[in-house]
Amino acid sequence: MGATFDPPPWLAIRDDLYKRVLNRQAVALTKSLRKCGRALQVKQAMDAIHAAYHRCDGLDPYDGSPLQGELLAELLPGVSRLLGADHQERWDRLPTVGQIPGEPGIEVEIVSRRTWMAKGERTAEAYLAHCRAVVAWLESANCAGRRQ
């Protein structure tokens, strides 16, 4: 009998779909780690990702935007996709598995797709420092003249 993976309430996704999403994300994570010379079993990755979903409160830890857990079901084959002009923007709030760089073993966090794309492989401190630099630049007199 397999392990039970119950989704946290904020995800708003059925148990069977959650387990399929976990497996899919764990396979992707193990493949990524294998390319870097690190070995991890899919079950270990599923456990780490599952724990990260339960540590998450449904908000992106970097910008506080609410994550849209129901979008996870759309990643699965055979599930109808949303269409429309706001389709791409809605994917920005998709809960995404991000590795925490520099941690021994495997440590992951749940962030929005938008944060995951912007943060890349940076540590939280390096990413936040970059964000502060961007804000400072945009607020500076030099940049204000360029935006007009």
Side-chain angles (χ1 to χ4, degrees), residues 1-139 143:
M1 172 103 22
T4 301
F5 293 99
D6 297 324
W10 67 266
L11 271 182
I13 187 172
R14 293 190 337 243
D15 293 6
D16 61 320
L17 295 178
Y18 175 68
K19 188 169 181 179
R20 288 174 55 195
V21 166
L22 274 181
N23 182 268
R24 185 170 219 177
Q25 291 174 331
V27 168
L29 180 61
T30 56
K31 284 181 181 180
S32 172
L33 289 172
R34 196 173 307 126
K35 289 178 183 177
C36 299
R38 296 178 62 193
L40 184 71
Q41 298 295 318
V42 172
K43 171 69 168 93
Q44 292 171 301
M46 282 182 73
D47 289 340
I49 295 167
H50 179 62
Y53 273 115
H54 279 275
R55 283 191 310 271
C56 182
D57 62 0
L59 300 175
D60 184 292
Y62 294 91
D63 67 11
S65 65
L67 301 172
Q68 293 181 318
E70 66 276 7
L71 293 176
L72 287 171
E74 294 181 38
L75 296 175
L76 300 171
V79 177
S80 63
R81 306 284 189 246
L82 293 177
L83 299 175
D86 68 338
H87 178 71
Q88 187 62 36
E89 188 174 307
R90 288 194 65 222
W91 283 105
D92 283 348
R93 297 169 89 185
L94 173 75
T96 306
V97 177
Q99 282 184 258
I100 299 175
E103 294 291 325
I106 180 64
E107 187 68 31
V108 294
E109 63 185 343
I110 305 302
V111 299
S112 67
R113 180 176 177 266
R114 175 179 44 202
T115 295
W116 177 78
M117 290 174 59
K119 184 176 176 289
E121 297 295 320
R122 295 181 189 102
T123 64
E125 295 78 18
Y127 174 63
L128 293 173
H130 176 73
C131 290
R132 286 184 196 102
V134 169
V135 170
W137 172 251
L138 289 174
E139 291 176 344
C143 189

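Keep in mind that the numbers below use all heavy atoms, side chains included, and drop hydrogens, waters and symmetry copies.
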Exercise for the section: For residues Tyr53 and Pro8, report the shortest heavy-atom separation together with the two atoms involved. Expected result: O-CG, 3.5 Å

Fill in the blank from the handout: To the nearest 0.5 Å, atom NE2 of His50 lies from atom CD of Gln25 at 12.5 Å

Practice task
Identify the heavy atoms of Pro95 and Leu67 that sit nearest to each other, and give their distance.
Solution key: CG-CB, 4.0 Å

Practice task
Could you grab the distance from atom CH2 of Trp10 to atom CD of Glu70, nearest 0.5 Å is fine?
Solution key: 10.0 Å

Practice task
To the nearest 0.5 Å, tell me how far Leu33 CG sits from Gln44 CD.
Solution key: 10.5 Å

Practice task
Indicate the ring-plane relationship of Tyr62 and Tyr127, choosing parallel, tilted or perpendicular according to the 30° and 60° boundaries.
Solution key: perpendicular

Handout entry: Distance in Å, Gln99 CD paired with Lys119 NZ, rounded so as to fall on 0.5 Å steps
Key = 9.5 Å

Problem - Check ion pair Arg114-Asp60 (N to O, under 4.0 angstrom) - result: no

Exercise for the section: Calculate, to the nearest 0.5 Å, the distance between atoms CZ and CG belonging to Arg34 and Leu40 respectively. Expected result: 9.0 Å

Practice task
Start with the C-alpha gap between Leu128 and Arg132, add the side-chain angles, then the distance that decides, and say whether side chain to side chain contact (heavy atoms under 4.5 Å, CB included) holds.
Solution key: CA-CA 6 Å; Leu128 293 173; Arg132 286 184 196 102; 3.8 Å; yes

Exercise for the section: Search all heavy atoms of Ile110 against all heavy atoms of Pro61 and return the closest pair with its distance. Expected result: O-CD, 3.4 Å

Handout entry: Which atom of Asp15 lies closest to which atom of Asp6, heavy atoms considered
Key = OD2-OD1, 3.6 Å

Exercise for the section: Please name the pair of heavy atoms, one in Ile13 and one in Val21, separated by the smallest distance, quoted to 0.1 Å. Expected result: CD1-CG2, 4.3 Å

Completion exercise
For Lys43 and Phe5, the nearest pair of non-hydrogen atoms, with its separation, is NZ-CZ, 4.2 Å

Problem - Polar side-chain atom of Thr30 near backbone of Ala26 as donor-acceptor pair, under 3.5 Å - result: yes

Exercise for the section: Measure the shortest side-chain to side-chain distance between Leu17 and Leu72 over non-hydrogen atoms and say whether it is less than 4.5 angstrom. Expected result: no

Fill in the blank from the handout: Rounded to the nearest 0.5 Å, the CG atom of Leu22 sits from the CG atom of Asp47 at a distance of 9.0 Å

Problem - Under the salt bridge (Lys or Arg N to Asp or Glu O under 4.0 Å) test, residues paired with Arg55 that sit two or more places apart - result: Glu107

